[in-house]
Structures are given as C-alpha cells and as structure tokens.
Student: 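Structure provided below as structure tokens; questions to follow.
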2 protein chains.
Amino acid sequence: MARISVAQRRELLFAAAVRVLARDGLSALSTRAIVAEAEMSLASFHYAYASREELLGDIVASVVGGEREAGLAGVLGEAATPEEAVRRALATYLDLVRADPGREQGMFELTQHALRTPALARLASEQYQRYHEVAAELLDHLATRFDRRWDSPTADLARLVVALTDGLTLSWLADRDDAAAERLAALAAEAVLTHLEEA
Amino acid sequence: MARISVAQRRELLFAAAVRVLARDGLSALSTRAIVAEAEMSLASFHYAYASREELLGDIVASVVGGEREAGLAGVLGEAATPEEAVRRALATYLDLVRADPGREQGMFELTQHALRTPALARLASEQYQRYHEVAAELLDHLATRFDRRWDSPTADLARLVVALTDGLTLSWLADRDDAAAERLAALAAEAVLTHLEEA
DNA sequence: GTCTATAATGAGATAGAC
DNA sequence: GTCTATCTCATTATAGAC
C-alpha cells in the first residue's frame, strides 16, 4: 500500500466506517470490517487509530457538526410562507431518511451505544444539544424572515421539533409505510405551526 | 441445581435477560451474562433455548404484548377533563421512563437490532403496529368518555402520539434534563389536544 | 436434566520482519 | 510506514460424564 499520511488514513478509515455502519449496523462495525471496506491491513488501523472506541468517538463527534441538519435552512429560503417552509422542511427531512435509511439507523445505534459508554456519554449529550441549537436557529430564522413570532421560547419548540423528527424517523424505520409517514410529517408540521403567531 | 421444567427455566432466563438488558445494554447481553444473572450454568441456557437469538425474539415479542402501555388507560379514567387526561398520560409516561431509563434504552437497542436482523424484522414492525393500536384505543376511549371527537383519523393521531413519546424518551435519555422534558411533554400534549373538538 | 470441559469462531490489539 | 503472523480474550454452542 502506498505511504499516506496518518491524517489521510484516518479519513479513509472514518469514511469506510460510516459506510459499514450504514450498511451493516453497529454490531457489524468491527475493526476487521472497517479495514476490509477501506482495503487496508488490520495493522494499519491501529497505526492511525489507537482503538476502535476512538474511531467511534470521531463518528459521534462528526454528527455534532450537524452540517446536514443545518442544510435544511436552504429549504426555508425557497418557501413563500412560513407554513410552507415548515411543511417542506419536514418533508425534505423525511426524504433524507428514506434516501439513506441505514445512515439514520446507524446514527441511532451509535447514540444508544454512546449513552451506554461512559467515555462517550458526553458526546451523545452534545449531539442532542447541537440538534436543539440547529433547530432553534431554524425557527428563529423563520420568524425573522416572515416577520412573525413564536408563542413559546424557541429553545422549547426546538426540542419539540427534534422529538418529532426522531419520532418520525423511528416510525418510518419500523414499518416503512411511506403514506403514513407523510401524514405524520404533516401533523408534525401542524404541531409546530400552532405556535406561530403574528408579530 | 434443582430440576425445574423447561418452561420455568425459560421464564427465569427471560427475566434475567430483561434485567441485564436494562442494566448493561444489548451489547452486554451475552448468554454468559444471562446465565450469571439467573445463576445457572451455561449449558442450561441451551437446554431451554436453542440460541441467544431465540431469547431475543421472545423479548421483542413480549413488548408486542404491550401491557405496560395499555396500563396508561388507568390514568385517563381519573381525569376530569380530556385536556387533563392527555397531559397526565404523557407526564405519567415520562415518569415511567425516568423510573427505569435502562429499560427504555434497552427497548430502543433491541428494536434497532431487530430491524437489522431479517429473522426479527417482522417482530419490530409488529411492535410498532401494537404501539399504534394501543395509542389509537386510548384516543378513542378518551373521545367517547368525554363526548368529544378528533378532527383526524385516530390511526394518524396515534402515530403522532407514538412519535412524540419516542422523541420525548430519546430527548430525556440524551441529556436527562427533567425540566426541559416536562416542558416538552406539555408541548406534546398540546400538539395532540389541538385535534380535539366538540362532538 | 444438569453439569464441566471444550470446541470453534471472531474479536481487539500488538510484535516484529521488511 | 506497512505488512504478516500471532497473542489474548470473549463469544456461542455442544459433547459427554454423571
């Protein structure tokens, strides 16, 4: 194998691990499965990462970045009304889940694992804190853009949004009922919009 | 060890497995951990159960029974108004989660595992179908008892209720913020009650 | 029916040759 | 820096004595 830097090797292993996690689940995310996916030798893994746990920490931490969730802001920009914005944001989120179910499931598995692992528990909390922050920013942005206001603290409503998206995700993952999930997304949008009032 | 029937041995192993799952998580739910908890020999496990996977199936199936969720119906009976009933049901649910967080987390871990395991995937779907049924029954019961009606099919609203309880659970498990979870439970109750109208 | 002992497998991690 | 070979441990499952 060519001589590549530790940093790049970590990136390759990280990307391979994310693919394995999405495809086969956390229980199949062994160091051997990861190096097979990255087409490396087992020893190369431990040259780049001290342990499997360290790489798992990296993946959880990457979720904290939350670029993907923040990407939903783009959807808001295109809407003509706040009602349409919220509905489309949730519909788009559902599309994201359906496009890559394994990824979402892998994230859940990883969060559950992190909550059980003392060394990673803090990361799991930060992950949800980040979710809440992103959701709150979206809500604030929406109110500003359409000159409206929320009848409750956006921090609280953000928690509602995250709970609804989590619930929506688990619901669809469990039975893959597209029509039911779309109706649920509509009800979820309505639940949020109830709290939007004139400025 | 005394000679006990296979049926009873299965019950003892089952109960021990549930305790280990709640306390240490799914990844620690090895046959060895189970027999240690049940104070049996390893071979006794395989005398009662053909495999570890078979016992996991039993646990998932037991959730489908859903006695605990159905138990929330009792809360509804004591309320004076439908608003109070929904609020108290969600608050009681949250209390249940807080009283035994490991149990809830174990259930999530098990559901995720079932969804990844072809032999158990059907059970996971049935588990959520059962959740939806129980929630729909509660909603119907509530409307009848207070002579009101729901503005959407109770099947759809039931899905909303389950999504909200799942989201509420994950939210509290992630950061254990009691005050925030109570505010979320109140918002969740409101989201459901929005759909209640006069008969 | 119940046990001890062991097989068979797969895991994370490392030593040491190159 | 990278590899092969190996160590050590934990796992599920079973064979066979009692």
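Below, chain A is the first sequence line, B the second, and so on; all start at residue 1.
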Student: Would you give the length of the straight line joining atom CZ of B:Arg159 to atom CG of A:Leu168, rounded to the nearest 0.5 angstrom?
Tutor: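 These two atoms lie 9.5 Å from each other.
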Student: Where the side chain of B:Ile4 is concerned, which of D:dT2, C:dT2, C:dG1 is the nearest nucleotide?
Tutor: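 Minimum distance to the B:Ile4 side chain belongs to C:dT2.
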Student: Quick one: does A:His113's side chain have a donor or acceptor within less than 3.5 Å of a partner on A:Glu109's backbone?
Tutor: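 No; zero donor-acceptor contacts below 3.5 Å.
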Student: Taking only the side-chain nitrogens and oxygens of B:Arg9, find out if one of them lies under 4.0 Å from OP1 or OP2 of C:dT2.
Tutor: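 Answer is yes, contact under 4.0 Å.
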Student: Base contacts versus sugar-phosphate-only contacts with protein, heavy atoms under 4.0 Å: please encode nucleotides 11-18 of chain C as B, S and - from 5' to 3'.
Tutor: BBBBB---
Student: What is the separation between atom CG on A:Leu12 and atom P on D:dT2, rounded to the nearest whole Å?
Tutor: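 Between P of D:dT2 and CG of A:Leu12: 11 Å.
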Student: List for me each residue that meets salt bridge (charged side-chain N to carboxylate O under 4.0 Å, His left out) alongside B:Arg145, sequence neighbours excluded, and say none if there are none.
Tutor: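 Salt bridge (charged side-chain N to carboxylate O under 4.0 Å, His left out) check on B:Arg145 returns nothing, list empty.
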Student: Identify which nucleotide among C:dT2, D:dG1, D:dC3 has an atom closest to any side-chain atom of A:Ser41, counting heavy atoms from C-beta outward.
Tutor: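 The answer is D:dC3, which lies nearest to the side chain.
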Student: Rounding to a whole Å, what distance do you find between B:Tyr47:OH and C:dG1:P?
Tutor: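 Checked: the OH to P distance equals 4 Å.
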Student: Any side-chain to backbone donor/acceptor pair from B:Arg52 onto B:Leu29? Under 3.5 Å, distance only.
Tutor: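 Checked: pair present.
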Student: Please confirm whether the shortest side-chain N or O distance from B:Ser44 to OP1 or OP2 of C:dG1 is below 4.0 Å.
Tutor: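 No, B:Ser44 has no side-chain N/O under 4.0 Å of OP1/OP2 on C:dG1.
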Student: Does a sphere of radius 6.0 Å around CZ in B:Arg122 hold more than 12 heavy atoms from other residues, nucleotides or ligands, not counting ones at 6.0 Å or beyond?
Tutor: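 Counting other residues, nucleotides and ligands, CZ of B:Arg122 stays at 12 neighbours or fewer.
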Student: Just how far, in rounded Å, is C1' of D:dG1 from CD of A:Gln8?
Tutor: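 Atom CD in A:Gln8 sits about 14 Å away from atom C1' in D:dG1.
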Student: With the threshold set at 4.0 Å, does a side-chain nitrogen-carboxylate oxygen contact exist between B:Arg98 and B:Glu182?
Tutor: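 Looking at B:Arg98 and B:Glu182, the cut-off is met.
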